[in-house]
There are 2 protein chains.
Amino acid sequence: MSEALPGTLRPRERILLAARDLFHRHGLRGVGVETIAEAAGTNKMTLYRHFDSKDDLIIAYLRGIAVEVDEMWRDIERNHPGDMQGQLKAWLVFAEECVTADDRGCDLANAAVELTDDDHPGRRIIEELKSNHRNRLAALCRRAGIPQPEVLADTLTLLLEGARVSRQTVGSRGPSSNFIRTAEKVIESFMARSSKTAAAKTAGAKTKLSGTRLTAKRVVHKRA
Amino acid sequence: MSEALPGTLRPRERILLAARDLFHRHGLRGVGVETIAEAAGTNKMTLYRHFDSKDDLIIAYLRGIAVEVDEMWRDIERNHPGDMQGQLKAWLVFAEECVTADDRGCDLANAAVELTDDDHPGRRIIEELKSNHRNRLAALCRRAGIPQPEVLADTLTLLLEGARVSRQTVGSRGPSSNFIRTAEKVIESFMARSSKTAAAKTAGAKTKLSGTRLTAKRVVHKRA
DNA sequence: GGCGGACATTACCGGCCGGTAACACCGCGG
DNA sequence: CCGCGGTGTTACCGGCCGGTAATGTCCGCC
C-alpha cells in the first residue's frame, strides 16, 4: 500500500529500507516478503530478483546494521580525534540513544532470538558484530588509560544490553531509566582506581565524567 | 514422535511441559500447536480441549514461568529466614544459574520480542512479572539496609538481563562471563557507602559478600 | 451393566507464506 | 529501430499453520 520511499532510490535499496523498518517492528518471522515488497513500493518478483531468499534478505538486513554501526564508530573518532575521554563520552551518548530510541530493543539481539537454528548464517553475523562492538569499546577504554579496560567494556556492555531488553519488557520507567547514571558511575569508579595506581596516561585529561550533560549531535539510527 | 513424559501426568500438564520446552528452544512463532501436542504424547484435538487457542496456551506458558519464579523467591526466603544478606547472596546464585543455564536467554524477554502486538495479553503478564521481580529485589536490598536499594536493584537487573541476552548473541565467553564478579563488586560498593553513612540495620551482618564461593543448592528451572 | 466424560483418530477447512512461471512494459544504448 | 535489461503484473504452486467436525474408544463410577 502506498508509494513508499520514491526518491531516487533503486528498488533494492527501497526493499532494504522497508525490511529494516518492518523487521524491526514485527520481527523476522512476523512479516512476509510480500508485505516488505509492497512497503517498498514494488512487488515480490522484483524482491526475488535481488535476493535469493528471505534468509538472504535477512542477512543483507543484518549487514546493513553493521555498516551503520561502523559509521557510528567513525563519527565518534572523527568528532573526538585523539581524545579518548571524549570518545568514551560520545559512546555513552550513542548508548543512551539506543536505549531511549524506542521500546523494541536491539535489532541484532531480537534477530538472535528468532534465529533459533544455530546453523543460520545470520547468527555468525550477529556474533561478529557484537564481538566487534565489545572489542572496540575495550580498545577505547584501554587507550583512555583505564585499568582493566576489558572488564569495564564488559560491564558497560551488560548495562546497555540489559537496559534495552528491560525497556522492551517493562518500559522506559523501569530499570533502564538508571542506565546512564549507573554507566557514568561505573566509569568514574574505574577511573578513580586508575588515579590511585598510576598517573593518567592521556595528558591533561580530567577524570570526571559527570557535570556536562550529554546531548546527541546527530541522530544515528539506533540499532547495534 | 515418541511417548514423551508419560508419568502420571494428565494431558494438560504434559502439554504445558512440552510447550515450555519447545517455546524455549524454537520461540513462540517457531513451533506449531500440532508439534507441541505430539511432543506431549497427545494430539491437537486434546490440546484445543484444554486451551482455547494458541495465544491461550502462550498465556498459560507465561503463567507457568510466573509460578516457578514465585517458588524461587519462596526458596530464598525459606533457606535464609531473616537473613537479608544471605537472601541477596542466594538471589545472586539464582541469577548466575539463569545466565549459565543455556544460551537461549530469558523466556520472558524472548516472548516479548515475538509478541510484537502491544495489545497481546501476554505482554501485560511479562511486564507484571518483570516488575514484580524488580520490586522484590529492591525490597530485599532495602531490608538488607543498603542505601538507594532501588538503584542497586535496577543495576543488578540491568546486569542480569544484559548477561542473558549477551550470552545469547556472543556465547558464554563474552561479557556475560563477568556478570557475577561485577554484580558482587556493585553490591559491595553500595554496602561500603552504607557503612560510612549509617550503622548496619541488620544485627551482626558482615558487609562483605565475597570470599565464600557461591554454589547452587537446588536447580531451579532457570527462567525469569 | 451401562452411562458419561475424557481422550484418540482422521479428515478437513481457509488462509497465509515462501517461491516460481509467464508475460507485458518501458527506457536506454547500439 | 531494434534489442535488452530492469521492472511491473497476474497467476499459480506446495506446504504449513491455526482451528474445527465427526466419530470412535476406553475407563471410572453410579
Side-chain angles (χ1 to χ4, degrees), chain A residues 1-23 25-62 111 114-117 119-122, chain B residues 1-23 25-62 111 114-117 119-122:
Chain A
M1 44 175 99
S2 84
E3 272 286 325
L5 331 158
T8 178
L9 286 74
R10 314 280 294 164
R12 187 172 206 277
E13 319 308 322
R14 302 204 311 267
I15 291 170
L16 281 172
L17 279 164
R20 176 96 74 140
D21 176 46
L22 292 171
F23 282 154
R25 275 160 46 202
H26 306 296
L28 305 180
R29 296 197 278 223
V31 56
V33 286
E34 187 140 32
T35 307
I36 294 173
E38 283 172 4
T42 178
N43 52 35
K44 205 164 37 161
M45 250 344 284
T46 305
L47 188 151
Y48 275 103
R49 276 188 206 106
H50 290 283
F51 304 95
D52 292 342
S53 63
K54 186 180 182 181
D55 276 346
D56 192 34
L57 175 60
I58 288 174
I59 289 176
Y61 157 72
L62 294 173
E114 295 207 80
L115 266 28
T116 55
D117 184 358
D119 297 336
H120 196 292
Chain B
M1 46 176 96
S2 84
E3 270 288 327
L5 331 157
T8 177
L9 286 74
R10 316 278 296 163
R12 187 171 206 276
E13 319 308 321
R14 301 203 311 266
I15 290 170
L16 282 172
L17 278 158
R20 175 95 74 141
D21 176 47
L22 293 172
F23 283 154
R25 276 160 43 201
H26 307 293
L28 304 180
R29 296 196 281 224
V31 55
V33 287
E34 187 140 30
T35 306
I36 295 173
E38 284 172 4
T42 178
N43 51 36
K44 207 166 31 162
M45 245 352 279
T46 305
L47 188 151
Y48 275 103
R49 269 186 216 106
H50 290 283
F51 304 95
D52 292 342
S53 63
K54 185 181 182 180
D55 276 345
D56 192 35
L57 174 59
I58 288 174
I59 290 176
Y61 157 72
L62 295 173
E114 296 207 78
L115 266 28
T116 55
D117 184 358
D119 297 337
H120 195 292

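What you see is a predicted model; the values in this text were computed from it and never measured. Note on naming: letters A, B, ... go to the chains in the order of the sequence lines (proteins, then strands), and numbering restarts at 1 for each one.
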| Partner residues of Arg25(B) under the salt bridge (charged side-chain N to carboxylate O under 4.0 Å, His left out) criterion, sequence neighbours left out | Asp21(B)
| remark: In whole angstroms, the gap separating P of dG5(C) from CZ of Arg10(B) amounts to 14 Å
| remark: Note: for Val33(B) and Thr42(A) on DNA chain D, the residue whose nearest nucleotide lies more 5' is Thr42(A)
| said: Thr116(A): which residues meet the side chain to side chain donor-acceptor pair (under 3.5 Å) condition with it, sequence neighbours left out? | reply: none
| note | Counted 5' to 3', the first and last nucleotides of DNA chain D within 4.0 Å (strictly under) of a heavy-atom of chain A are dG6(D) to dT9(D)
| field | Neighbours of DNA chain D within residues 47-55 of chain A, by heavy-atom distance under 4.0 Å | value | Arg49(A), His50(A)
| task | Return the set of residues passing side chain to side chain donor-acceptor pair (under 3.5 Å) with Arg12(A) (not counting sequence neighbours), or none when no residue passes. | result | none
| At how many degrees, to 10°, do the end axes of the helix from dG1(C)-dC30(D) to dG30(C)-dC1(D) meet when each uses five pairs? | 10°
| For Asp55(B), which residues count as a side chain to side chain donor-acceptor pair (under 3.5 Å) partner, sequence neighbours excluded? | His120(B)
| task | Show the numbers, then the answer: is there a side-chain hydrogen bond (donor to acceptor under 3.5 Å, both in side chains) between Ser53(A) and Asp56(A)? | result | CA-CA 5 Å; Ser53(A) 63; Asp56(A) 192 34; 5.6 Å; no
| Rounded interatomic separation in angstrom, taking CE from Met45(A) and P from dA21(C) | 8 Å
| note | Between Leu62(B) and Ala111(B) the two heavy atoms that sit nearest each other are CD2-CB, 4.1 Å
| message | On a heavy-atom basis, which atom in Ala37(B) and which in Lys44(B) lie closest, and how many Å separate them? | response | CB-N, 3.6 Å
| task | Kindly give the heavy-atom pair with the smallest separation between Lys54(B) and Leu28(B), and that separation in Å. | result | NZ-O, 2.9 Å
| task | Measure the NE2-CE distance between His50(B) and Met45(B) for me, rounded to the nearest 0.5 Å. | result | 10.5 Å
| query | Can you list the residues that meet the side chain to side chain contact (heavy atoms under 4.5 Å, CB included) rule with Leu57(B), with sequence neighbours excluded? | reply | Ile15(B), Leu16(B), Ala19(B), Phe23(B), Ile36(B), Leu47(B), Phe51(B)
| query | According to a strict under-4.0 Å criterion, is Thr46(B) in side-chain N/O contact with OP1 or OP2 of dC7(C)? | reply | no
